[in-house]
Every structure is written in C-alpha cells, then in structure tokens.
Amino acid sequence: MSQTAANKKLVKLLLLGAVAMFGFGFALVPLYDVLCEQLGINGKTNANAAVYEPTVIDTDRLVTIEFISHVQNGMPWEFEPTVTKMQVHPGELIRTSFSAINNGSTHIIGQAVPSVSPGQGAAYFNKTECFCFNKQPLDANSSADLPLIFYVDNALPEHINTLTLSYSLYDITERHLGTALTQGAAR
Amino acid sequence: MKTLTPEIDSQPEAHQEHDHHQPPKGIMRWLLTTNHKDIGSLYLWFSLIMFFIGGAMAMVIRAELFQPGLQLVDPNFFNQMTTVHGLIMVFGAVMPAFTGLANWLIPMMIGAPDMALPRMNNWSFWILPFAFLILLGSLFMEGGGPSFGWTFYAPLSTTYSNDSTALFVFSVHIMGISSIMGAINVIVTIVNMRAPGMTWMKLPLFVWTWLITAFLLIAVMPVLAGVVTMVLTDKFFGTSFFDAAGGGDPVMFQHIFWFFGHPEVYIMILPSFGIISAIVPAFSRKKLFGYSSMVYATASIAILSFLVWAHHMFTTGMPVFAELFFMYCTMLIAVPTGVKVFNWVATLWRGSITFETPMLFAIAFIILFTIGGFSGLMLAITPADFQYHDTYFVVAHFHYVLVTGAIFSIMAAAYYWLPKWTGHMYDERLGKLHFWCSVISVNVLFFPMHFLGLAGMPRRIPDYAVQFADINQIVSIGGFAFGLSQLIFLAVVLKCIKGGEKAPAKPWEGAEGLEWTIPSPAPYHSFSTPPEVK
C-alpha cells in the first residue's frame, strides 16, 4: 500500500513538472523580449514615442544613419526612404520621411516593423514620432509621405559609428479586418 | 556454477503465477496488455517498422540525389521525404526503441516485477501508432504532408505551409504525451521499485542513463508541445508568436525549438551510453572501468545540454558574447563525453575480448560515435560553423551520432538481449554478416558527406551543382547497401524468435546483472518476490 501511495506522490510531482515545463515554454515568449531588451541585442527600437529633452548636441561627433526598407513578398507597394544616408550629431533632433505608394487596386493596411543594426545601438536610437507607431492604411493607387522624427542619444557607445534603420513592411489588411470583425461580433 | 542457483529459485514462483496470470490469446493480449515484456516487445516492433518506413524515405532521397537534376520526384515531395524521414527516425524509430528496451530491461535489471504504472504503460504505447498514422496519412492529403524540415522553422511551418500542418501538430502532441507518460513510468519504477539492496550506486548504467533521460524528457517534451501549439495558433488562429508583422519574432521560434531540440539529441544518445557500458565489460570479461565517473558524466551531459541550444543558430545574427558563450559551453560537453569514451577504452584494456555481434556493434559505436562527436566539435567552433552551417557536413555529423551512434547501440542491445527475450541464440553467422555489411556501407554512405559539406553542398535540396555528382553517387550506393543490409537484421530477429540453439539463463560469460539470473526466455512474470542484492 505504501508503495502505491509513494507512486502516486511521485507521479503527481512529475506531472506537475511536465505541466510547469509546458508553461515555461510559453513563458519563454515574454522572457525573450525582456532579455533582448535588457541585453539590447535584438535591434528592437522603442515601440512608443520617446520624449525629446533638449540636451547638449555633441557637435564633435558625427554618426552615420542609413535607412533601408523591405516590402513583404507579393505586397503591391513601393516603400522607400526619401534619404538613404545622413550624418547626424548625437542629441540633434532630425526629421526625415519614407514614401509609400499603393500600386494595388484595393485599400491595403500596412504595418512597418523597425529594426536597428547593430543591435546594441537600438537602445540609443530614439523616435519621437514615427509612422511605425500606427498602421499605415492606403487607398488603391494613392501615395503618402510617412514622417519620422528621431534623435541619437549622446550616450551612444564610442565604437558605434553607423546605425542602420531597417523597416519591413507587412500587409496586415486581413489580420486587421479579422480583428474588426470579431470585435463587432463581440458587441 | 553460481548462475544456476537463482534459475532454480525462480522456477517455483513462475509455476504459481501460471494459474492466474496467463496472457489472453490473440490480438486482445496485445491491445490490453499491461505486462512490461509485452509492451517492450510492442515498442521494439513498432520502432523496427518505423525504421523501415523512415528508411524507405531515405532511399527515395538517395535515389533522387543519385544524379544532379530532377528525375524521380518533384521538389515538394522531396521536401516531404526529408521532413518525414527525420520525424519518423527521431520520434518513431530511435525514441520508441529506447522506451521498448527500458520496458523490457529496467524491471529485470532492478529486480522489480513490472513497471510501476502498468496501465499507463499500455496507454503510452497504444497512442503512438495513431500519432504516426496521422503523420503518414497527411502525406496523402491534397498538397501533401509537412515539407518544412523536421525542425519546422517558422515562417516555413506557419506562413508558407499547407493545411496538413494541423495534422503534423496534432501527431507531435500525441508523440509528446506518449514520451512523457513513458518517462514518468521509468522514473517511478526506478525510484520506488528497486529490489532490497539495489542502492543507487549499484544500478546498472543502462538504468542510470535512462533515469536521467527520463528527466530530460519531462523537462523538454512539454516545451516541444508548447512550440508546436504556437505554430498551430499562428497558422490557424491569428496569433503572432513568430510573425514580425504582428510584433512576434521568427528567430524566437528557433530559440524555443532548440531549447527542446538540444536536450532531445541527448535523449537519443544517453541510453546508448548505458547499453555500451553493459556490453563492453561483458565481452571484455572485466568490470566497467570508472562506474561512478560514468554516472557523473551522464548527469553533467544532461545539465550542460540545457546551456548549448543556440549553437544551432550561430548564423542568425547573435551578438558575439552569446556566440562565445554557446561555443564554450558546447565544447565543454566534450569533457564528460570524453570521460565515457576513455572509460570504455580502459575497460577494453587487457580484457579477454571476444567479438560476438553485440561486441562488434559496441566497438563500432565507440569509434564511429567519436567521429560524430569530433565533427560536432568542429561545428561548435563559431567561425567555422558559418561555413558548415546547413551543408552536408551537418548531415554527416548528425548521422554519425544517430545512425552509427544511437541505432548501432540499439542493434547491439538487440543482439545482446535477444537470447533473454526469445530463449534462443540468434544466428551468429548472420549477425556478423549484418554487422560487416552495415559498418562498411554506413561509412560509404555518410563519410563522403563530410567532403560534400566542406565543398559547399547545401542540405535539403533535390538538385545540386554537377561538381558534387560523383560523391553523391558513391553516397547513394552506400545508402542503398545500408538499407538492404538492414533486411538481414530482420531475418536474424525472425529466425531467432522461431527457433535456434536453446539459450541458457546467462548466454554471455562476462555478463553481469539481475536479468541474467532469470531463465531464458524470461518468464512472463519475473521477480514476483524481489531478489536479494548483495
């Protein structure tokens, strides 16, 4: 009998372990984001607008900023930076823009996802205004100028001289309409 | 001799049991069985069938790669073959074979009457055929089965896969549940059912390695279940775990997958270490050299296996400090593994060695697994990995550790314990023929793949540049020969079940362990009263 009790106790513990590890698999998702952010390794930039505090502009230092863009396969948009390369002083507030043209015959909602390379520089690239904070809806055969205002933090490590900002543009029309529909149904 | 006494002792027990517990006849015996020996046999047969199905897929792959250009199958089907070959061999052949060996051997080795949870044992086997029917069935669906590689990287398995992905996910869930139940059973059996006097440091190494493997299974199979669930919801329910457009990250897939995947490769090799540690001393007629260091080495490999997953991902753009961390941790695993190899060699040293088939496979294991280990060390070197990544060098590496490692050890185990299971000696001449055909063809098959990889041939392609043609032809010939050689194994097993020279309780002179104290074939119920271990 004590054998059965001992078996039951151990089985419960082991099952608990298995369930906990299933949970751990999902816990890895937020953990991944937190770790990437803490270690500054994934090139993710701030998701919400940063507030620009006028500081000393480090006029002795020049940092090269490159802009690149990438459109999801099959998405009928042209999406390009208006300026592909510029030199800025850390602390200086810069305004630039990307241009987007919807060559398709339908209304399409785009979503640009930013990434900075090298990853360690991402934390020092602050956007005070960015089209990527919102969705980018465009009617068929229309175009838009998408603004971006940013500054590079003074504390940018010495060894980083170039920051590359890349935007990948995705078609989220279906996904967006899908949520709208389910929200409508919920009401 | 000494071995006769326990044989006589166990006879009266067997007679008592006969009245009440004879198995029912026919198919119901196998469907309803809770006997560890029956379930062990079911697992082993299932594994052998899967080995031949997965092997047939490998033959399709090698036939297509016999010459450059596309001749036999279209690329989509080729990708399904590489994917399902991998899934079947990992989850259908190697893992169930080890679980089958565990079922057969662990109770006999620790002096227990059965596994601790016999009914769960029945379930954990019988859900397995359904998992593989679902997976194999998906191949016949419109658009075909999974074609994204056994590693099912997002977005290949999410954005770019077809609807049969749902079946793939479901079948992986079932395989996972089966493995977890099997692992729980093994742990409870080993912890609670050891015979009096069978202390931890007296456990046979096969039992030790399986105990540690079972903990690995419980730790990582749920993570695999989690990651396939994420793939399922990303694909069908609009979540964005791995979709950058919705704020997810495809690289995170690789992190979660390999957090499962790397311990998984040790799940497929640790029980092998246990098998080799039983066979080498038996045929060297010496005690295993460094028993306790073997236990500690196994445990260290298991712990380290959780710290090395990102060595599969050096080329994803990881920061340098992470690359260095994972590189050094990976190389560190060579230390406990080296301890094991040296211990086996030290056991052979000045032993009176004979070369029966199990020993031949065991020695081939030591040499060829070490080659696979060394190519693994080469891949661990971050800068070198940038060249080797996703080439045939990787294919050569993991086939050396899995085929000449895991599979060879399973073959060795089968030959070693077949007399105990069937009561007959296997045909030694056929066994040796099987060994020599296998060991020669397997090297013709996998060794030239190193050169293909170093020359830059990528893996998972149905067509290739013409300069790789000659070596691919040699590889394919080796492949066909290796595939055919395995039919000899099937013949040996069938012949051994049907009849043959009567096997004594202990057919191997130097063998040690409780399983050799009971008669051959092992009676349906053994150790109903626990033996005394001194």
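Letters A, B, ... mirror the listed sequences (proteins, then strands); counts begin at 1. Only heavy atoms go into these numbers, but all of them, side chains included; no hydrogens, no water, no symmetry mates.
Ranked by heavy-atom pairs under 4.5 Å with chain B, the first of Ser168(A), Gly17(A), Ala18(A) is Ala18(A).
Contact check for Phe257(B) versus Val228(B): no side-chain heavy atoms found under the 4.5 Å cut-off.
Residues of residues 103-135 of chain A that come closer than 4.5 Å to chain B, counting heavy atoms only, are Gln111(A), Val113(A), Gln120(A), ordered by residue number. Within residues 304-328 of chain B, the residues having any heavy atom closer than 4.5 Å to a heavy atom of chain A are Pro319(B), Phe321(B), listed by residue number.
With a 4.5 angstrom heavy-atom cutoff, Thr189(B) does not touch chain A via any of its atoms. Contacts between Leu14(A) and chain B at a heavy-atom distance below 4.5 Å involve backbone atoms as well as side-chain atoms. Contacts of Leu169(A) with chain B are absent, with no heavy-atom separation under 4.5 Å from either backbone or side chain. Proximity to chain A is absent for every atom of Leu224(B), based on heavy atoms less than 4.5 angstrom apart.
For the pair Gln254(B) (side chain) and Val251(B) (backbone), a donor-acceptor distance under 3.5 Å is absent.
A perpendicular orientation is assigned to the rings of Phe79(A) and Tyr167(A), their planes being inclined by more than 60° (bins at 30° and 60°). Between Tyr32(A) and His255(B), the ring planes lie tilted relative to each other; the angle falls in the 30° to 60° range.
Residues Asn121(B) and Asn103(B) bring a donor and an acceptor atom of their side chains to less than 3.5 Å of each other.
For Phe253(B) and Phe241(B), the ring centers sit 6.0 Å or farther from each other.
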